[in-house]
Amino acid sequence: MVGFFVFLCGISMTEKRFPTVSNIAGAGLGLRSSHYQHIFETKPDVPWFELLSDNYLGEGGLPIVRAEAIRDLYPITLHGVGMSLGSADALNTEYMARLKSLADRLEPAYISDHIAWVSIEGQYTHDLLPLPYTLEAQKNIIDKISKAQDILGRTLLVENPSSYLMFNCSEMSEEEFVNGVLEQTDCQLLLDVNNLYVSAQNHGFNAEKYLETLPKNRIKEIHLAGYEDKGKYLFDTHGYTVHDPVWKLYQKALSLFGSIPTLIEWDTDVPDFDVLLGESKKAQKILDEVT
Amino acid sequence: MSKGISLFELQQLFYKEVFDADSTENAEFYKCIKPAKNLSGEQSVNVYKDSILGGLTEALSSIYPVCVKLVGELFFNHMVADYLKRYPSGSPDIGDYGSEFSAYIINFEPVKELEYLADLVALEWSWHRAFNASDSPGVGVCSLDGLAGVAEVDQGGIQFVTTPSAVLVRSIFPIHQIWQVNQEDYVGDGIVNLDDGGVCLVVWRNAAFGMRIDVLSEHEFEFLQAVVDGKSFSEIATLACASDLSGILGRCMQTGLIAGFTLVN
């Protein structure tokens, strides 16, 4: 047998194990694979990282080892799209079992997913799609959230969507739909301020009034990201620094809800780590002003 | 649109509009939507359609980078477009998507002349699966340290177990060379002679998470295939590879390709 190629991808592991956390605080960052090495080498001052759970569902290998190494250094949360909570399909129990296994292994402070659907009839789009705001869709997602929480044995955080269309059959506004979900489950809200701003601009509703309807004690995390201005609409690409109107809406949210752990997301054209770090410092400064 | 449409029906219509542009039901879907304030219905739907199809194409590009390099990004996107429609993703893990791409390519007329492409794509899929495979053999698999304790009378019933990442690949083309010359860090003249003939390979990940493509002899391939097929030691002893069984077994155990064993009656 001829050894043909060997690709060794070394990582610096730490022996110190961070204590299990029951909560997170401050302005964290979304972990992206291009930043692993930098983080392991420099151990930057970041209060917590969010890991995309769907990137760590493989049975083994380097990704999960790296995730554990990050977990040993920082508090973490898990964020995904795969639950497809708004789908008319039944909850995918095989996926939920994989997610539970991942959560048991990584011990995140929170697990979150979206008020959206990604699949129908077992066929996955891997993209977050909008829901009609009907009583049927509301009851459906409430049932699914409850079942997901039962399987995971913990409270979920669900994120408000960004959208580019709505449905004529909707019977209520988005905020009424979201508030109804919060009222009828014990899940918590992951308030994505960028999503809210994007949707408000695209559909012409008032984002500040939307914020004012939300229950203060149910918002456990905030997401911030940069949208792309496509001219006729705003596109939620997570590929830019946070825009000024979103920072302003964020300040409004903090004035209403207090100091909520906040995360900077960046998914396309991911820049150097220091750019993300700069964004999280900016968010931290605003958080500090609240506290 | 009908107020009476169910969530299931609406989501079915949405899915069809994205993946089946010719569906006669698409007009019904457009009656259901209220576009963003400055967009037409079609423009609003296209935001989603482009995002979904773009995301799936990107996922396949990341699994098949050598294929992308060989056919070019534009042609790859064209090649993938029909695949996305014919092969829905059946798993919430996008890493599971793309397993049928090699079979699809065999019948994709425009690349018929690239006879090696389907095998090369199979090699890239094997790499992808090996990278994410489980770290250790399943429950009930004994460590190789336990081999010494197997009584002589029971040794014929030993079933060896490969490391979970090991995937065997065989081709009548030198696909490992094609793969090699298309790696970013490759240094050389980049020439591959297709007449060099076929190759037997094992793609796997070692204990230090190093990804490997090892070239196998015919006997090594036969041995590992028999192991993967669950053949016992006594059955393997009847195969052609038995002429060098101790040598092959020793090398496979030393490298970690053989990770354990079970005993059958």
Side-chain angles (χ1 to χ4, degrees), chain A residues 1-11 54-55 57-65 80-84 86-89 92 95 98 117-127 129-132 134 136-137 140 163-171 202-204 230-233 235, chain B residues 1-3 5-8 10-12 14-15 18 31-39 41 43-45 47-48 51-52 55-56 59 88-95 97 131-136 164-165 176 180 201 205-206 208-217 220 248 251-252 255:
Chain A
M1 183 164 32
V2 182
F4 191 60
F5 301 116
V6 181
F7 292 80
L8 293 173
C9 311
I11 60 167
D54 300 324
N55 289 351
L57 293 175
E59 293 177 62
L62 207 48
I64 187 70
V65 171
V81 302
M83 286 192 223
S84 197
S87 171
D89 285 355
N92 183 329
Y95 171 81
R98 283 164 80 176
W117 62 285
V118 301
S119 60
I120 188 66
E121 294 188 282
Q123 301 177 116
Y124 284 80
T125 65
H126 303 281
D127 218 316
L129 303 177
L131 284 169
T134 61
E136 183 207 2
N140 176 67
S163 68
Y164 314 98
L165 62 80
M166 289 184 170
F167 295 98
N168 291 321
C169 58
S170 287
E171 297 158 349
N202 287 344
H203 301 299
K230 293 282 206 178
K232 285 185 167 181
Y233 69 102
F235 191 33
Chain B
M1 129 157 201
S2 50
K3 288 270 177 191
I5 193 166
S6 70
L7 179 66
F8 176 72
L10 189 62
Q11 292 179 339
Q12 265 189 324
F14 202 140
Y15 188 92
V18 172
K31 290 180 195 165
C32 301
I33 64 168
K34 184 180 165 192
K37 65 180 182 185
N38 297 323
L39 299 179
Q43 287 171 328
S44 278
V45 172
V47 175
Y48 290 101
S51 181
I52 292 167
L56 290 170
S89 172
S91 165
D93 182 356
I94 202 167
Y97 189 56
F131 184 79
N132 291 294
S134 176
D135 299 330
S136 53
S165 63
H176 61 305
Q180 182 193 16
L201 305 168
R205 195 183 74 221
N206 67 19
F209 300 103
M211 289 294 297
R212 300 179 60 104
I213 297 177
D214 288 347
V215 178
L216 302 172
S217 69
E220 287 167 340
I248 294 172
R251 288 194 292 278
C252 288
T255 57

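A, B, ... follow the sequence lines: proteins, then strands. Residue 1 opens every chain.
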Contact leader toward chain A among [options], where contacts are heavy-atom pairs under 4.5 Å:
| options | result |
| --- | --- |
| B/Pro164, B/Gly90, B/Ser165, B/Gly95 | B/Gly90 |
| B/Pro35, B/Ala133, B/Ser136, B/Gly55 | B/Ala133 |
| B/Val18, B/Leu201, B/Asp93, B/Leu56 | B/Asp93 |
| B/Gln11, B/Gln12, B/Lys34 | B/Gln11 |

Note to self: Between A/Tyr164 and B/Gln43, is there a side-chain heavy-atom distance shorter than 4.5 Å?
What the structure shows: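 No, too far: nothing below the 4.5 Å cut-off.
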Restricting to non-hydrogen atoms, name the atom on [X] and the atom on [Y] that form the minimum distance, rounded to 0.1 Å.
| X | Y | value |
| --- | --- | --- |
| B/Ile33 | A/Asn168 | O-ND2, 3.3 Å |
| B/Ile5 | A/Cys169 | CG2-SG, 4.4 Å |
| B/Leu10 | A/Pro132 | CD2-CG, 3.6 Å |
| A/Gly86 | B/Leu7 | O-CD2, 3.7 Å |

So which of [options] has the biggest tally of heavy-atom pairs under 4.5 Å with chain B?
| options | answer |
| --- | --- |
| A/Ser87, A/Gly80, A/Gly82 | A/Ser87 |
| A/Tyr233, A/Phe235, A/Tyr124 | A/Tyr124 |
| A/Val118, A/Asn55, A/Asp89, A/Ile120 | A/Ile120 |
| A/Pro63, A/Ser119, A/Ser84 | A/Pro63 |
| A/Lys232, A/His203, A/Met83, A/Lys230 | A/Lys232 |

Next item on the list: Check side chain to side chain donor-acceptor pair (under 3.5 Å) between B/Ser89 and all other residues, then give those that pass, not counting sequence neighbours.
Entry: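 Checked B/Ser89 against side chain to side chain donor-acceptor pair (under 3.5 Å); matches are A/His126.
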Roughly how far, to the nearest 0.5 Å, is the [atom2] atom of [Y] from the [atom1] atom of [X]?
| X | Y | atom1 | atom2 | result |
| --- | --- | --- | --- | --- |
| B/Ser134 | A/Ile64 | OG | CD1 | 11.5 Å |
| B/Tyr48 | A/Leu129 | OH | CG | 7.0 Å |
| B/Asn132 | A/Glu59 | CG | CD | 9.5 Å |

Check: So which part of A/Asn140 gets closer than 4.5 Å to some heavy atom of chain B, the side chain, the backbone, both or neither?
Finding: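 Interface part for A/Asn140: side chain.
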Note to self: Less than 4.5 Å to any heavy atom of chain B: does that hold for the side chain of A/Thr125, its backbone, both, or neither?
What the structure shows: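 Both parts, heavy atoms under 4.5 Å.
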Margin query: Report which part of B/Ile94 has an atom under 4.5 Å of a heavy atom belonging to chain A: side chain, backbone, both, or neither.
Written below: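 The answer is both parts of B/Ile94.
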Next item on the list: Tell me, for B/Leu39 versus chain A, whether the close heavy atoms (under 4.5 Å) come from the side chain, the backbone, both or neither.
Entry: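 For B/Leu39, side-chain heavy atoms alone lie under 4.5 Å from chain A.
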Check: Is a side-chain N or O of A/Asp54 found less than 3.5 angstrom from the main chain of B/Pro92, in a donor-acceptor match?
Finding: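 No.
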